[in-house]
Amino acid sequence: MVEGRNPLAAFHRAYQQKFQSLSGMDTLQLPALRLAWNGFIRLLDINWEKEFSCSKCGTNPDIIVCDGTSLGLHKQLLEGIAEEDASHLPRIYGTKHVDRVFIPNQQARKLLLQFAGMSSKSRQDPVPLTRQQYDHLVSLLNKFSHLSSLVTVIQRISKNGTDLLAPLNYRSFLQDLSRNTPTCALLQVIETSPVRHIIKEIIINGLDPFQSCHSNKLQVLQEDAPIIINFMKSVMRNGSLPKDVRSLLQDVLKKTKVLCPLASENQYLPPRPNVPFRDFSFFPSLPQVHGDGNYSADKNRDRQTCRSTETCNKLSKGHPTLSPGVFTVFCEHRVCLGLEIMREHESPAVPFKIITKRFERAPSVVIYDNCCKLHQYCMNREPDFFKNTMFLVDKLHWANHTGCSTGYNMKTYKTKKITTLNSQICEQGNAVISRLRSQLAYMLPDNFILHAALFLSTTNKKLRDNIKIQ
């Protein structure tokens, strides 16, 4: 019954019909069966912490894949239950999105995208800028001191406005610079990585990474900074980069690194006790490190700006009577680490709170179908905590991210760590758990979590057994 699609009432009807046809006697009534079943599963001696952990990943998984699924319970059962209130705590200040975007002006980004060969979606062929648009683009960019190198590059490759469409070898990189995403998406590397030092060697010292004597350095760049090295390769002539390109890459490099002080423990609420089935979250192997924080970004954001640039709730009318669903987190070995009942429509706030409240150290890779907005959301609140995290959009949903930096595209990276990952873990896991939809729909929250956990523990056990065999 745990793995079936029928609710208890349907199971009881089928059992009753079969039993009466064989014996002619009455069976156990539904209320008594329900009481017996609920009592039985609560008496099961299950080590929940073990069932929801991966022997290979340990207590702090390095790679997680997460997503939501429409497995809801009745909305009325969630009403009147207050969320954590951290408004009395000291503010936690992150970084501003406008400071992380390479081109702060929206009109300038739009014009540069057109210059780089991307215009209206209805057109298949690139549409060059008009001379008036070109002059307007240069004027807008000149308002920002850090964009002077970009203006110099544009003027050179356009021959001062004679060619109003960028050459092919410049288009991809200029398109990435035109995105309304943090510049650090172009270079998602950990602090101790040698990538930045190698790039500086190329820019400042004129190192040619394509010489055979520098093959090790080239491999590092190809694995960790594919967007940068591919652009260098396309514009390099006789082993050297144009002077204005070197200046541009220096400005891009500066923009990818914005430091912010780490929040102290007194800026968070204390962690909730890890008592199973008493909360809307169930992560037995990941107890809370601390509670919510009082983030400045939550107080100062404008609703209209927030909808368009940050929270990016997935567009859904939702069910008229059921909650939006549950949010699940899996490790790279397909083991489910837990789930959380969503009170509102899925947004980056859900994975952000799970990770910051339950992980002592941020995962090195987070795969999520809305990772572009999750990255922005995290940088606005906890940039130091996530400074060594790579945010990637799963392969299935990347086609929908037409306005995002290619730094979020899993296919951009050729490392074994990324290429061997199954980015559809959540889609596959949620497809399996969705068979419980009719069973869980009208359960109380604690019963909902218990039955979902019982089901997931059986699938986790099978996966863990396979891991042991391997």
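Remember, predicted model here, so these are calculated numbers, not experimental data.
Scanning both residues, Arg100 and Pro383, for their nearest heavy atoms gives NH2-CB, 3.8 Å. Listed here is the closest heavy atom pair of Ala108 and Leu140: N-CD1, 3.7 Å. Closest approach of His401 and Asp369 over heavy atoms only: NE2-O, 2.8 Å.
A donor atom on one side chain and an acceptor atom on the other are found under 3.5 Å apart for Tyr295 and Glu382. At a cut-off of 3.5 Å, with distance as the only test, a side-chain donor of His397 or Asp394 sits close to an acceptor on the other residue. Between Asp279 and Ser281, the side chains place no donor N or O within less than 3.5 Å of an acceptor N or O (distance only, hydrogens not considered). A donor and an acceptor atom, one from each side chain of Asn422 and Gln428, are located under 3.5 Å apart. Of the N and O atoms on the side chains of His88 and Asn294, not one donor lies less than 3.5 Å from an acceptor on the other residue. A donor-acceptor pair shorter than 3.5 Å can be found between the side chains of Tyr408 and His375. Between the side chains of Arg196 and Thr256, at least one donor N or O lies within less than 3.5 Å of an accepting N or O.
Just one residue in the list Leu396, Val65, Ile367 forms a side chain to side chain contact (heavy atoms under 4.5 Å, CB included) with Gln424, and that residue is Leu396. For the side chain to side chain contact (heavy atoms under 4.5 Å, CB included) with Cys336, the lone residue among Leu456, Val329, Ile433, Ile425 that qualifies is Leu456.
Ring orientation note: the planes of Phe327 and Tyr368 are nearly perpendicular, at an angle over 60° on the 30°/60° scale. Taking the six-membered ring where the residue is Trp, Phe173 and Phe231 present parallel rings, their angle staying beneath 30° rather than reaching 60°.
For residues 353-366, every residue pair satisfying the side-chain hydrogen bond (donor to acceptor under 3.5 Å, both in side chains) rule, not counting sequence neighbours, is listed here: Asp62-Ser364, Glu84-Lys357, Asp292-Lys357, Ser364-Lys417.
Remark: side-chain polar atoms of Gln267 are paired, donor with acceptor, to backbone N or O of Arg91 under 3.5 angstrom. Put simply, the side chain of Glu332 never gets that close to the backbone of Leu421: no donor and acceptor are under 3.5 Å apart.
For Ser70, the side-chain contact (heavy atoms from CB on, under 4.5 Å) criterion is met by Arg437, not counting sequence neighbours.
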Problem set entry | Trace of the side chain to side chain contact (heavy atoms under 4.5 Å, CB included) decision for Val101 with Thr181 | CA-CA 6 Å; Val101 177; Thr181 52; over 6 Å; no
Exercise. Stepwise, does the side chain to side chain contact (heavy atoms under 4.5 Å, CB included) test hold for Leu253 with Gln250?
Worked result: CA-CA 5 Å; Leu253 208 60; Gln250 273 188 305; 5.7 Å; no
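Phe280 has its ring centre no less than 6.0 Å from the ring centre of Phe448.
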